Amino acid sequence: MNSRQRTAREDARILPAPYLAAMQQSSGVPAHTDIVPPTLALIRALRPSLGPSEGAVAGVILERCSDIPDWSTQELAAAAGTSAATVVRACQRLGFRGYQHLRLELAREGAPLQTSESGTHLDAVTQSFSGAQEALRLSAAAIDRSTVLRAAQTLLSARRIMFTANGFSAPPLQDAAMRFATVGRPVESPLDILAQQFTAHTLGPEDVCLALTHSGANAHTLATVRAAQQAGATVIVVCSYSHAPIPELADTVIATGSRSAQQAVDPFFSRVNHSVALHALLTAYTDLAGGGNATGMFDVVATALSDSAES
């Protein structure tokens, strides 16, 4: 890589888009009408340095940048007329850790500033609740009802059930594990990364591993799911994207959809979707189980309540 390519890479990664546009104008490079996000500026600058196959991948990314956050590696490879390995290699040549990293950056930069119909900036409360409502509507339309029922039937017939999730996906899944216990169905849900993999290795053909993941590409969750699959367990995945590495290993995939334009370090609205989807799965399970077995659970809740602040 020559010094000019290094400069383009550094500018695209460090400087905000408006500064990049200004630099293009001052350097004599034709500026585009729309401000180019840093990731696209980086890809455009480094594309000439790539080989034919990798260059084709970069070309599709530039042409279909709004679709990339929802595409799998295989879908991008097909669009570029190349292989999944070439897609990953091209992304790495462009300075990303891999395709999933590129997807995250494009989705993050595509997040629009939320405004009202009059064009004014929404306050934090309105913005947050409006975003949650929109996310839930999209998820309700995306989730296949027969898939949820099939997953519930699988859980009902399982000898053991293991839940696995990491990062921001862990709290919604721990909440679901506790709620399954309240209807009389205990679930193993280890928090530690290694404990998850150890538990997965002890599963068998009569057991179920349920994984929750937004990206479908969390390396730790992927390792646990792979171990469960190799042990012969049935794998259920709740995921924002149906086309991702982890769903490829699953027997059943509950795809919630994603407001990809809102994706960030913590795509919060996807967690809202996941919590509601897991509650729907619990409801379907409880219905199949004839209402579950909540004997003693209300006593636990009653005992945990206090009438005063004094001990």
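It should be emphasised that the depicted structure is a prediction, and the values quoted were computed from it without experimental measurement.
Annotation: the span from Q92 atom CD to H101 atom NE2 amounts to 11.5 Å, rounded to 0.5 Å. T73 OG1 to E248 CD: the interatomic distance, rounded to the nearest 0.5 Å, is 7.5 Å. Rounding to the nearest 0.5 angstrom, the gap separating the CD1 atom in I68 from the SG atom in C91 is 8.5 Å. To the nearest 0.5 Å, the span separating CD1 on I254 from OG1 on T252 amounts to 7.5 Å.
For Y99, there are no ring-ring contact (aromatic ring centres under 6.0 Å, His included) partners, not counting sequence neighbours. For the side chain to side chain donor-acceptor pair (under 3.5 Å) test, no residue two or more places apart in sequence or in another chain qualifies with E206. Taking D144 as the reference, S146, T147 meet the side chain to side chain donor-acceptor pair (under 3.5 Å) condition, with sequence neighbours excluded. In this structure, A280 has no side chain to side chain contact (heavy atoms under 4.5 Å, CB included) partners at least two apart in sequence or on a different chain. Under the side chain to side chain donor-acceptor pair (under 3.5 Å) criterion, R159 pairs with D207, not counting sequence neighbours. In this view, R137 satisfies the side chain to side chain donor-acceptor pair (under 3.5 Å) rule with no residue, not counting sequence neighbours.
Using a 4.5 Å heavy-atom threshold, the side chains of L210 and L278 count as touching. Counting only heavy atoms from C-beta outward, the side chains of F96 and T39 approach each other to under 4.5 Å.
For the pair Q74 (side chain) and A84 (backbone), a donor-acceptor distance under 3.5 Å is absent. Side chain of S157 to backbone of T154: a donor-acceptor contact under 3.5 angstrom is found. In terms of modelled atom types and a separation under 3.5 Å, the side chain of R47 and the main chain of L62 share no donor-acceptor contact. Remark: side-chain polar atoms of T126 are not paired, donor with acceptor, to backbone N or O of D123 under 3.5 angstrom. Using a distance-only test at 3.5 Å, with no hydrogens or angles considered, no donor-acceptor pair links the side chain of T164 to the main chain of T221. Of the possible donor and acceptor atoms, none in the side chain of S139 sits under 3.5 Å from a partner among the backbone N and O of A135.
Heavy atoms only, all atoms of each residue included: A244 and S72 are closest at N-CB, 4.4 Å. In plain terms, the two heavy atoms of L50 and A58 that are nearest each other are CD1-CB, 3.9 Å. In terms of heavy-atom proximity, I246 sits nearest to N218 at CD1-O, 3.9 Å. Heavy atoms only, all atoms of each residue included: A165 and Q196 are closest at O-NE2, 3.3 Å. The two atoms that bring R185 and A158 nearest to each other are NH2-O, 2.5 Å, heavy atoms only. The minimum heavy-atom distance between A277 and I143, with the atom names listed, is CB-CD1, 3.9 Å.
Counting side-chain heavy-atom gaps under 4.5 Å among Ile, Leu, Val, Met, Phe, Trp and Tyr, V253 is found in no cluster with other residues. In the hydrophobic clustering, where aliphatic and aromatic side chains (Ile, Leu, Val, Met, Phe, Trp, Tyr) are joined below 4.5 Å either directly or transitively, F129 groups with V125.
Connection of L173 to L249 is not established within any shared hydrophobic cluster, with ILVMFWY side chains joined at heavy-atom distances below 4.5 Å, either directly or through further cluster members. Note: the hydrophobic cluster containing V57 also contains I43 (ILVMFWY, side chain heavy atoms under 4.5 Å, direct or indirect links). Linking ILVMFWY side-chain heavy atoms closer than 4.5 Å, directly or via other members, places I193 and M162 in two distinct hydrophobic clusters. Both L106 and V87 are members of a single hydrophobic cluster when ILVMFWY side chains are connected at heavy-atom separations under 4.5 Å. Using a 4.5 Å cut-off between side-chain heavy atoms of Ile, Leu, Val, Met, Phe, Trp and Tyr, with links allowed through other members, V187 and L155 fall into the same hydrophobic cluster.
The salt bridge (charged side-chain N to carboxylate O under 4.0 Å, His left out) contacts involving residues 49-58 comprise E54-R89, E54-R93, where partners must be two or more places apart or lie in separate chains. Listed by first and then second residue, the side-chain hydrogen bond (donor to acceptor under 3.5 Å, both in side chains) pairs that reach into residues 169-179 are S169-R271, Q174-S189, D175-R179, sequence neighbours excluded. Pairs engaging residues 144-167 under the ring pair (Phe, Tyr, Trp, His ring centres under 6.0 Å) rule: F163-F180 [sequence neighbours left out].
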- Task: Please report the C-alpha distance between T199 and R160 in whole Å, then the side-chain angles of each, then the deciding distance to 0.1 Å, and finally whether the side chain to side chain contact (heavy atoms under 4.5 Å, CB included) criterion is met.
- Result: CA-CA 11 Å; T199 303; R160 291 171 59 198; 3.9 Å; yes
Tabulate below the donor-acceptor pairs under 3.5 Å that side-chain atoms of residues 230-240 make, not counting sequence neighbours, or state none.
unit_1	atom_1	unit_2	atom_2	d
S240	OG	H214	ND1	2.7
S240	OG	H274	NE2	3.1

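With hydrogens and angles left out, the side-chain atoms of R103 and Q100 include a donor and acceptor closer than 3.5 Å.
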